[in-house]
Every structure is written in C-alpha cells, then in structure tokens.
Amino acid sequence: MRTFDGFMVVLTEGLTALRTLTPGTTAYKQKEQEIGRNCYEAEEHLPMTELRLLRGTLGISENKWRGYKAAFIAGPSS
C-alpha cells in the first residue's frame, strides 16, 4: 500500500521532471499521464485529509489535479 510520503516523493519527482520538458511534446504528455496515474492511486490509497494536504503541499490546484487525471484517461493518443 502506498503512503503519503511515497506519493509526495513520486509526485514531486514527476512535477519536477515535467518542468524540464517542452509542453506539447510526447515526453511531456507521457509525464502528465504518469502524474495522472499517481493522482488516481493517491485518491485510492489516502484518506481525504491526507489527499488535501498532499495537493496543498505540492501546490496543485483541484483543476490541475483533474487535468492530470484527464491526461491519464486520454492515454497516449492525446
């Protein structure tokens, strides 16, 4: 089972890597999808209070969080 700290690490690493990529590229889209998958997993494993703390600590708005999840749902064809 994933923990708050585990999600903090994986999402921080993903967001940091995303900042180094050019928006619209395949690598950028893949990283967004990976972050989206991690967002879904965090929602499955963390209580709501920890989830809010995670988003707040990472500085991810609710809309951006949903955007990452949408990128994951869209898959590689987006």
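Positions are given from 1 along the sequence. Predicted model, so just to flag it, every value in this text is computed and none were measured. All values below were derived from every heavy atom in this structure, side-chain atoms included, with hydrogens, water molecules and symmetry-related copies excluded.
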(request) Identify which one of Thr57, Leu51, Thr49 satisfies the side chain to side chain contact (heavy atoms under 4.5 Å, CB included) criterion when paired with Leu53. (result) Thr57
(request) Kindly write out the residues that satisfy side chain to side chain contact (heavy atoms under 4.5 Å, CB included) with Thr26, not counting sequence neighbours, or none if the list is empty. (result) Gln30
(request) Could you check if a side-chain atom of Phe7 sits within less than 4.5 angstrom of a side-chain atom of His45, using non-hydrogen atoms only? (result) yes
(request) Could you pull out all residues at least two apart from Glu13 that satisfy side chain to side chain contact (heavy atoms under 4.5 Å, CB included)? (result) Val9
(request) With Glu43 as reference, evaluate Arg37, Arg52, Lys69, Arg2 under the salt bridge (charged side-chain N to carboxylate O under 4.0 Å, His left out) test and give the passing residue. (result) Lys69
(message) Quick check for you: to the nearest 0.5 Å, what is the distance between Thr16 atom OG1 and Arg19 atom CZ?
(response) 5.0 Å
(message) Under the rule for side-chain hydrogen bond (donor to acceptor under 3.5 Å, both in side chains), what residues qualify as partners of Glu44, not counting sequence neighbours?
(response) none
(request) Not counting sequence neighbours, which residues clear salt bridge (charged side-chain N to carboxylate O under 4.0 Å, His left out) with Arg66? List them please. (result) Glu62
(message) Holding to ring pair (Phe, Tyr, Trp, His ring centres under 6.0 Å), I want the full list of residues that pass it with Phe4, two or more places apart in sequence or in another chain.
(response) none
(message) Going by side chain to side chain contact (heavy atoms under 4.5 Å, CB included), name the residues that satisfy it together with Leu58, two or more places apart in sequence or in a different chain.
(response) Met8, Leu11, Thr12, Leu15, Leu54, Ile60
(request) Please go through Phe72's hydrophobic cluster and name the other residues, only I, L, V, M, F, W, Y counting, with side-chain heavy atoms under 4.5 Å joining them. (result) Tyr40, Ile73
(message) Going by side chain to side chain contact (heavy atoms under 4.5 Å, CB included), name the residues that satisfy it together with Leu18, two or more places apart in sequence or in a different chain.
(response) Tyr28, Lys31, Glu32, Ile35, Tyr68
(message) Nearest 0.5 Å, please: how far is SG in Cys39 from CD in Glu34?
(response) 11.0 Å
